[in-house]
Amino acid sequence: MEQTKTATRDYPSLSNAPWGLWDTLYARRSNRKYLPGEIDREILGRLEEMVRTAVSVRGADEGSLVLVSDKAVVERLKQRLHKGMQGKINLWLNRSPLEGFLALVLPKEDVRSGRPQMLPLAAMAAEDVILWLTEAGLGTCWLGALNQREVREALGLGKDMFVSAAISFGRPKPRVKAMDMDHMMYRRISRKRKPLAEIACLETIDRHYTEAQFAQRSFSASGTQDIAGLLGRLSENRDSSGDVPLDLALDACFEAARIAPSAGNTQKWHFVAVCEEDARRKLAEACGIENAWRAAIVAVGDVDTGFLYEKMEKPFWMIDLPIALSQMSLMAASMDLAVDVEIRGIDEKAISALTGLRPPLRAVGVMGIR
Ligand SMILES: Cc1cc2nc3c(=O)[nH]c(=O)nc-3n(C[C@H](O)[C@H](O)[C@H](O)COP(=O)(O)O)c2cc1C
């Protein structure tokens, strides 16, 4: 698999055992060019299973992540998704022989509420499936710029439902240097990521993370590195095992979040690690967890209603940050850490006070390390 982003450090070399999840995370990129030809039926069957697993592990609502693989519906969705101003940037779909879509289908009232509850869990599950597709050698692309009415009709949904995003998938066309949309988007937008110091903080939002000088520089990554296996590990009620030092673990989780995809690659996010004892206890309390975690990372979205957010009427912070939480939690599992990902029902006010968040910054979720 080709590495599509520049890594902060050579993470795999820090492990004595193969740390394969990095290959999948760095190989995932938005594919806007696909090859004709059908995907193996067996893979499609496993994909259905994978969607069910991810929805269940993330506690998402059944039906909030829909797999569209019926040829006629795929074609209809492809043609209608980019109609009008809203979907213009996705005209490339016209020339793409896709295999299917995943669609985030939520009640309109959830998406439009001040703090969507169902949307973030569906988004996390979607990113899990995207990484599974990457591992299977398939290409994917998140699509947030879509024509709501057309997509709703193409999927036969009622007016009370809202499609927050769709994800295309198919056989990826190898990247070549050319003056096309795929290459242009890749070069201009997609490859770039903010450095860790800009997005990661320690204890509070005003204390920037400086790259760790690890006291112990090696450990053994988990024997499980595939996405399905890691999701299985996340669903087990267990304690952390393995020998990963906490500073290295936090650094790896920050990096997993840093390279995640975000709408328009805006990366309007921060990740605050909470390690001090009193703060850890209070944070767990604010998430309704009884025992304090060994450490936790608060995922923070910048909800500044810029052009992109306003015009599209979408709470992208409730998609982007869950995507990062998916990647961070899989990374934790790849180091044999047991984590809780808390989004629903957290006391946002208490977490903001604890980590010094002020508008437009909002706590989306917390990943606590047991
Ligand atoms: C919620 C969301 C919506 C997105 N919408 C679109 C879209 O409508 N069209 C598109 O071509 N790319 C879209 N993207 C892809 C991003 O532009 C891409 O993830 C980002 O530039 C980073 O590039 P990478 O995915 O190749 O790492 C979207 C990504 C996310 C997470």
Side-chain angles (χ1 to χ4, degrees), residues 1-7 24-34 65 77-78 80-96 98 101-104 106 111 116 119-120 122-131 133-134 138-148 150-151 162-170 172-173 175 180-194 255-269 299 301 303 306-309 311-327 364:
M1 287 191 273
E2 187 197 3
Q3 180 159 332
T4 65
K5 303 190 172 57
T6 311
T24 310
L25 293 190
Y26 284 118
R28 186 217 55 78
R29 71 172 194 95
S30 296
N31 283 96
R32 300 178 182 89
K33 277 197 143 182
Y34 298 84
L65 183 61
L77 194 53
K78 213 174 92 172
R80 298 183 71 168
L81 190 146
H82 59 71
K83 281 202 173 153
M85 271 308 284
Q86 271 184 323
K88 269 276 174 294
I89 71 162
N90 291 318
L91 273 171
W92 55 267
L93 283 170
N94 271 339
R95 294 176 305 273
S96 297
L98 293 176
F101 289 97
L102 295 162
L104 266 62
L106 288 308
V111 178
L119 171 62
M124 259 200 299
E127 183 63 11
D128 296 336
V129 178
I130 285 175
L131 292 171
L133 286 164
T134 307
L138 295 174
T140 59
C141 188
W142 275 94
L143 306 166
L146 46 84
N147 185 314
Q148 194 55 225
E150 297 280 344
V151 166
F162 196 89
V163 180
S164 297
I167 294 133
S168 59
F169 66 87
K173 191 166 182 180
R175 202 161 45 81
D180 59 34
M181 190 67 169
D182 184 56
H183 191 68
M184 197 274 286
M185 295 275 278
Y186 177 73
R187 217 162 19 98
R188 290 265 182 89
I189 310 174
S190 295
R191 231 175 359 168
K192 302 189 175 109
R193 289 297 189 274
K194 293 176 180 172
E255 175 77 354
R258 189 183 78 88
I259 60 176
S262 59
N265 205 17
T266 44
Q267 307 164 61
K268 295 179 88 169
W269 50 30
V303 191
F307 173 80
L308 194 67
Y309 288 72
K311 287 282 182 283
M312 292 185 177
E313 302 177 288
K314 296 223 186 86
F316 279 124
W317 59 292
M318 270 293 178
I319 302 180
D320 290 352
L321 273 295
I323 290 174
L325 280 162
S326 151
Q327 298 212 163
V364 170

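Numbers for residues simply follow the sequence, beginning at 1. Whatever order the structure lists them in is the order used to number ligands and atoms, beginning at 1.
Ligand 1 lies nowhere less than 4.0 angstrom from a heavy atom belonging to A165.
Taking every heavy atom of N90 and a limit of under 4.0 angstrom, the matching atoms of ligand 1 come to 7 (C), 8 (O), 9 (N), 10 (C), 11 (O). Set against the non-hydrogen atoms of P261, the atoms of ligand 1 under 4.0 Å away are 19 (O), 25 (O), 31 (C). Counting the atoms of ligand 1 from 1 in the order shown, those under 4.0 Å from a heavy atom of I89 are 7 (C), 8 (O), 9 (N). If you number the atoms of ligand 1 from 1 as listed, the ones under 4.0 Å from a heavy atom of A263 come out as 1 (C), 2 (C), 3 (C), 29 (C), 30 (C), 31 (C).
At a 3.5 angstrom cut-off on N or O pairs, D320 does not count as close to ligand 1. The shortest N or O to N or O distance between I323 and ligand 1 is not below 3.5 Å.
Residue contacts with ligand 1, taken as heavy atom pairs separated by less than 4.0 Å, do not involve I259 at all. With a heavy-atom cut-off of 4.0 Å, A145 touches ligand 1 through backbone and side chain alike.
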Residues K5, R29; criterion side-chain contact (heavy atoms from CB on, under 4.5 Å); working and verdict: CA-CA 9 Å; K5 303 190 172 57; R29 71 172 194 95; 4.2 Å; yes
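Which of R193, Q267, K88, R29 comes nearest to atom 22 (C) of ligand 1 through a heavy atom is settled by distance: it is R193.
A donor atom on one side chain and an acceptor atom on the other are not found under 3.5 Å apart for W92 and N94.
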